[in-house]
Amino acid sequence: MDHIHLQHTLPQVFAGRDTVISQVWHQDIVFDKGKRYLIEASSGTGKSSLCSYIYGYRRDYQGIISFDGRNIRSFSVGEWADVRKHSLSILFQELRIFPELTALENVLLKNRLTNHKKKKEILVPFRSNRHSRQNRRKSRQDFPSGELQRIAFIRSLCQPFDFIFLDEP
């Protein structure tokens, strides 16, 4: 995938508002593969919603979102699975770490979907973290939030992607 195109996209929840001032919503924007973009805005303005729309988790928006010219509303379940497996990666704001798995198991689980990385490549960031708890099974509350985010970030890198979205990194 080379382009993500937003055409006058707007969350349904904002549809009744008379004035929506935004550099994203109600605009014509193209995100190109290989470029970096920062979307910075106040809480509650739709940053996480945008990630969910592009990732195909939510459809409660107006306008058009297309990948390489194809409206994502037309994607089948299988096509979404393929896009998420090969073209899109995401670091969710809520991280979505499985608390019953170790840090390493959380990462390896994602990698098993594509075998994109070799285990030795995955272990490198764990070894560089002097506080690494890669093999400890602890509840989510026992990990510092920064460490949970590092685990989730490593996991998001364990797949091929054309675009990676970091929601509140």
Side-chain angles (χ1 to χ4, degrees), residues 1-6 9 24 29-40 47-59 61 64-169:
M1 177 187 332
D2 293 314
H3 309 286
I4 297 173
H5 190 179
L6 305 179
T9 307
V24 173
I29 298 174
V30 176
F31 298 113
D32 295 312
K33 179 180 175 178
K35 292 188 179 179
R36 294 180 188 180
Y37 301 90
L38 173 65
I39 297 175
E40 197 172 25
K47 298 177 304 292
S48 294
S49 294
L50 176 63
C51 290
S52 292
Y53 300 152
I54 291 172
Y55 206 65
Y57 275 176
R58 291 180 46 196
R59 296 174 53 110
Y61 63 89
I64 298 170
I65 300 173
S66 59
F67 298 162
D68 292 338
R70 183 158 174 227
N71 189 330
I72 65 172
R73 289 190 188 270
S74 70
F75 284 22
S76 68
V77 171
E79 288 170 316
W80 271 117
D82 190 53
V83 164
R84 291 181 190 132
K85 190 175 177 181
H86 300 288
S87 298
L88 295 177
S89 185
I90 190 166
L91 171 64
F92 291 100
Q93 184 173 352
E94 65 276 7
L95 306 178
R96 300 188 182 180
I97 297 290
F98 294 102
E100 63 277 4
L101 300 179
T102 67
L104 183 59
E105 288 169 342
N106 265 279
V107 173
L108 291 174
L109 179 67
K110 177 70 168 186
N111 191 61
R112 282 189 201 110
L113 296 173
T114 60
N115 293 314
H116 181 61
K117 300 280 185 186
K118 293 183 178 6
K119 187 172 181 180
K120 67 180 183 177
E121 292 175 284
I122 293 169
L123 291 174
V124 170
F126 282 105
R127 288 188 184 125
S128 65
N129 179 1
R130 61 185 171 92
H131 302 294
S132 178
R133 299 176 185 156
Q134 72 186 32
N135 293 312
R136 287 170 131 176
R137 253 185 200 75
K138 289 201 165 204
S139 75
R140 185 180 166 100
Q141 294 77 18
D142 291 333
F143 283 102
S145 63
E147 187 167 350
L148 285 172
Q149 193 170 59
R150 280 187 293 279
I151 294 163
F153 183 64
I154 294 166
R155 185 184 58 200
S156 67
L157 295 174
C158 286
Q159 71 176 77
F161 58 85
D162 299 316
F163 292 88
I164 185 168
F165 291 88
L166 309 176
D167 188 7
E168 299 284 345

Between [X] (side chain only) and [Y] (backbone N and O only), is there a donor and an acceptor less than 3.5 Å apart?
X	Y	result
E168	K47	no
S89	S156	yes
N111	K117	yes

How many angstroms lie between [atom1] in [X] and [atom2] in [Y], if you round to the nearest 0.5 Å?
X	Y	atom1	atom2	answer
R150	L91	CZ	CG	12.5 Å
I64	T9	CD1	OG1	8.0 Å
F161	H116	CZ	NE2	7.0 Å
H86	M1	NE2	CE	11.5 Å
D162	D2	CG	CG	7.0 Å
C158	L108	SG	CG	7.5 Å

_For F165 versus C51, what's the shortest heavy-atom pair and its separation?_
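Minimum heavy-atom contact is CB-SG, 4.2 Å.
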*If you take all heavy atoms of Q159 and R84, which pair is closest and at what distance?*
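In terms of heavy atoms, the two residues are closest at NE2-O, 2.7 Å.
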*Judged by modelled atom types alone, do D68 and H3 share a side-chain donor-acceptor pair under 3.5 Å?*
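There is no such pair between these side chains.
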*Can you label the angle between the Y57 ring and the Y55 ring as parallel, tilted or perpendicular, going by 30° and 60°?*
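Aromatic pair Y57/Y55 classed perpendicular.
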*Would a 4.5 Å heavy-atom cut-off, applied to side chains only, mark L50 and Y61 as touching?*
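A side-chain contact is absent here, since even the closest heavy-atom pair is not under 4.5 Å.
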_Side-chain heavy-atom pair D32, Y37 within 4.5 angstrom cut-off_ =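 Yes. Closest side-chain heavy atoms under 4.5 Å.
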*For I151 and L95, what are the C-alpha separation, side-chain angles and deciding distance, and is it a side chain to side chain contact (heavy atoms under 4.5 Å, CB included)?*
CA-CA 9 Å; I151 294 163; L95 306 178; over 6 Å; no
_Using side chain to side chain contact (heavy atoms under 4.5 Å, CB included), reason through L104 and L123 one step at a time and then give a plain yes or no._
CA-CA 8 Å; L104 183 59; L123 291 174; 3.9 Å; yes
*With respect to I4, which candidate in I29, L88, I72 satisfies the side chain to side chain contact (heavy atoms under 4.5 Å, CB included) definition?*
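Per the side chain to side chain contact (heavy atoms under 4.5 Å, CB included) rule, the option paired with I4 is L88, out of I29, L88, I72.
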